[in-house]
Amino acid sequence: MESGPAIFAGAVFALFGGALLVWTGVRLRRGEPVAQGVSQVASATLASVAAMISLGLGAYCLTRL
């Protein structure tokens, strides 16, 4: 009964984290800023950490089925 919301939440977290990680990598490879008005290193680090946390939460939700 509770596995439906866990699957949905895990999938959303995993998709968001993966997309954010890919987007950040593409922006860095092209030399474009990840966030306007912020140091490229700081914004890339923060975006990568947020992506990893989101992927971790997605994995956590999917392993709790």
Exercise. Provide the closest heavy-atom pair for Ala9 versus Cys61 in the form atom of the first, atom of the second, distance.
Key: CB-SG, 4.3 Å
Quiz item: How far apart are the closest heavy atoms of Gly18 and Leu55, and which atoms are they?
Solution: N-CD2, 3.7 Å
Self-check item: Same apolar cluster: Ile53 and Phe16, side chain cutoff 4.5 Å
Solution: no
Self-check item: Note, Phe13 side chain near Leu62 side chain (heavy atom, < 4.5 Å)
Solution: no
Quiz item: Would a 4.5 Å heavy-atom cut-off, applied to side chains only, mark Val26 and Glu32 as touching?
Solution: no
Practice problem: Give, for atom OG1 of Thr24 and atom CZ of Arg29, the distance between the pair rounded to the nearest 0.5 Å. | Solution: 12.0 Å
Self-check item: Closest non-hydrogen atom pair between Leu20 and Ala47, with its separation
Solution: CD2-O, 3.5 Å
Self-check item: Distance in Å, Leu57 CG paired with Ser54 OG, rounded so as to fall on 0.5 Å steps
Solution: 6.5 Å
Exercise. Check for a donor-acceptor pair, side chain of Arg27 on one end and backbone N or O of Val34 on the other, with a separation under 3.5 Å.
Key: no
